[in-house]
Amino acid sequence: MNPFASYRAINTKLHAKRRILLSDAEWIKIAQCKNVGQIVEFLKKREGYKSLMTVYNTNDLHRSELEIVLDRYLVNEIEDMLHYFSGNYKEFFKTLLMEYEIHDLGLILRSITSNEDMTDIESLFVHSKKWERVNYQKLIACKNVLQFIEGLKGSSYYMALKTMTQEDLAKREFHMEMKLYMLFYSELTQKATRLNKKDEAIAKRLIGTKIDFLNTQWIYRALKYYDISPEEILIYSLPNGNRLDYRKLKTLSYAKDVETFKKLVEKYLSYPLFKDNCDAYLDCNTERYLYRLATRINKDDESIAASISYIYILGIEVNDLVSLTEGIRYAVPETELSRFLVHTI
C-alpha cells in the first residue's frame with residue numbers, strides 16, 4: 001500500500017470523471033454548432049463543464065475567452081486531484097500546474113516587451129491561484145524585463161532566467177519562454193523519479209513521449225521557418241525523451257534539409273508524423289499518438305495510471321474543443337475540420 005497515494009479513492013472518482021468525457025455522438029453534435037454561443041450552451045448542460053460555463057453569457061463569450069475557460073477547467077481538475085495525494089506524489093501532480101503558470105508569465109512578459117496596458121490582464125490568467133509560485137501583482141507592476149526577472153526571485157523560474165545574457169534579453173520572450181518550458185519538463189521528470197518504480201515508469205512513458213514530439217515539432221519548425229543555428233536548436237531541445245536521446249537530437253538538429261529530417265524522425269519514432277505532408281496537421285498527428293497511448297494504459301491497477309492518463313486525455317479533449325470552435329468560426333467544412341481533431345466527428 002502506498003501511504004502517499006489513495007489509489008482506490010482516486011480511481012473510483014476518475015472512473016466517474018471518464019464517463020463525463022465527450023462521446024463520439026456528442027462530438028458530432030458539437031460539430032453541427034454554428035457559433036461559439038451554441039457550443040457554450042451545449043457544454044453548460046454537460047457535467048463537469050457546466051460548473052464553469054454557467055457563469056458566462058453565451059452572447060458575450062468569444063473563442064479566445066472559451067479557450068481560457070476550458071484551460072481553467074483543466075487546472076481545476078488537477079487541483080481536485082491533489083486531495084488524494086501527499087508527499088512526493090502531491091509534488092509531482094502540483095508540478096503539472098506549472099505549464100499554466102508559465103502560460104500566464106508569458107502573457108505578462110509579452111505585455112512588458114510591447115509596452116501594453118496590463119489593467120485587465122488578470123482576466124486572461126488560467127493558472128492555479130491556490131498553488132501559484134510567484135507574486136503576480138508584483139510582476140504586473142514591472143516596467144521592464146530585468147524587473148520581471150527580479151520579481152521571480154525565490155522561485156525556480158528565477159534560477160532558470162537569472163543567467164540570461166544581454167544577447168538573450170535582446171530576443172527577450174522567445175529565449176525566456178523556451179527556458180521556462182525547459183524548466184517545466186526538467187522539474188516534471190525529476191519529480192517523477194521520486195515516485196515508486198512502477199509509477200515512475202508510467203509517468204516517464206507519457207512525459208518522455210510528449211517530450212519526443214515537442215522536440216520533433218520544435219526542430220522541424222526551426223529548420224523550416226527560422227534562422228536558427230543547429231547549435232541553438234540543440235540547446236533548446238528538451239532532455240529526457242523516450243526515443244530521442246542527445247545523439248539523435250543532435251543528428252536531427254544538424255539535418256541537411258527538411259526532407260532528411262522527416263525521414264530520420266520516422267525512423268527514430270516509428271510513427272508517420274508527417275504522413276499528411278501538411279504542417280497544419282502536425283499538432284493533431286502528435287495528439288492522436290498521445291491519445292492512443294494514454295487510453296491504452298491500464299487504469300484499474302494500484303498506480304497513478306488513471307490519474308495521469310486522465311489529465312492527458314482531458315487536455316486533448318480541451319484542445320479539440322478549441323480547434324473545433326476555431327473551425328466553426330471560419331466555416332471550415334466538416335470533412336476538412338475532422339482532420340484537425342483527435343476525436344471523430
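Note that this is a predicted model, so its numbers are computed, not measured.
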Can you check whether [X] reaches [Y] side chain to side chain, under 4.5 Å on heavy atoms?
X    : Y    : value
M176 : L105 : no
R221 : D279 : no
L82  : L97  : yes
R243 : S270 : yes
L293 : R296 : no
K191 : K94  : no
K262 : V265 : no
R133 : Y157 : yes

Next on the checklist: Between E41 and K45 (salt bridge meaning N to carboxylate O under 4.0 Å), is one present in this structure?
Outcome noted: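 Salt bridge absent between E41 and K45.
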Ignoring hydrogens and angles, tell me if any N or O in the side chain of [X] forms a donor-acceptor pair with the backbone of [Y] under 3.5 Å.
X    : Y    : result
T251 : R247 : yes
N215 : S237 : no
S303 : A305 : yes
S186 : M182 : no
D199 : I304 : yes
T113 : R110 : yes
W218 : I233 : yes
D212 : G241 : no
N242 : R205 : yes
R72  : V126 : no

Going by atom types only, do [X] and [Y] share a side-chain donor-acceptor pair under 3.5 Å?
X    : Y    : answer
Y136 : E101 : yes
Q137 : E122 : yes
R288 : N285 : yes
T95  : E187 : no
E99  : Y185 : no
Y310 : R18  : no
N196 : Y89  : yes
T260 : D257 : yes
D320 : Y291 : no
T344 : D24  : no

Next on the checklist: Between Y220 and F274 (judged by ring centroids, cut-off 6.0 Å), do the two rings come close enough to count as a pair?
Outcome noted: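 Yes, the ring centres sit under 6.0 Å apart.
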Checklist entry - H103 and F125: aromatic ring centres closer than 6.0 Å? => result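 They do not qualify: ring centres at least 6.0 Å apart.
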Checklist entry - Name the one of Y312, W27, Y73, Y49 that satisfies side chain to side chain donor-acceptor pair (under 3.5 Å) with E317? => result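 Option passing the side chain to side chain donor-acceptor pair (under 3.5 Å) with E317: Y49.
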Which heavy atom of [X] sits nearest a heavy atom of [Y], and at what distance?
X    : Y    : result
I39  : C33  : CG1-CB, 3.8 Å
G327 : L337 : CA-CD1, 3.7 Å
L161 : L152 : CD1-CD1, 3.7 Å
H15  : R19  : CD2-NH1, 3.2 Å
A294 : S309 : O-CB, 3.4 Å

Item to check | Residue pair T286, Q217: steps toward the side-chain hydrogen bond (donor to acceptor under 3.5 Å, both in side chains) verdict | outcome: CA-CA 9 Å; T286 294; Q217 292 178 69; 3.3 Å; yes
Checklist entry - Do L249 and Y254 pass the side chain to side chain contact (heavy atoms under 4.5 Å, CB included) test, and can you show the C-alpha distance, the side-chain angles, and the key distance before you say yes or no? => result CA-CA 9 Å; L249 288 173; Y254 283 82; over 6 Å; no
Item to check | Candidate pair Y281 and R339, rule side-chain hydrogen bond (donor to acceptor under 3.5 Å, both in side chains), full reasoning | outcome: CA-CA 7 Å; Y281 305 130; R339 301 185 69 185; 3.3 Å; yes
Item to check | side chain to side chain contact (heavy atoms under 4.5 Å, CB included) between Y100 and S128, intermediate numbers included | outcome: CA-CA 8 Å; Y100 304 94; S128 169; over 6 Å; no
Next on the checklist: For K263, I'd like to know if atom NZ has over 12 heavy atoms of other residues, nucleotides or ligands within 6.0 Å.
Outcome noted: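 Not more than 12 within 6.0 Å, no.
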Next on the checklist: Is it the case that atom NZ in K224 sees more than 12 heavy atoms from other parts of the structure closer than 6.0 Å?
Outcome noted: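 Buried by this count: over 12 neighbours within 6.0 Å.
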Item to check | Parallel, tilted or perpendicular, as decided by the 30° and 60° cut-offs, for the rings of Y181 and F184 | outcome: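 It falls in the perpendicular class, over 60°.
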Next on the checklist: Students often mix this up, so state it plainly: with edges at 30° and 60°, are the rings of Y289 and Y271 parallel, tilted or perpendicular?
Outcome noted: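 Plane angle over 60°, so perpendicular.
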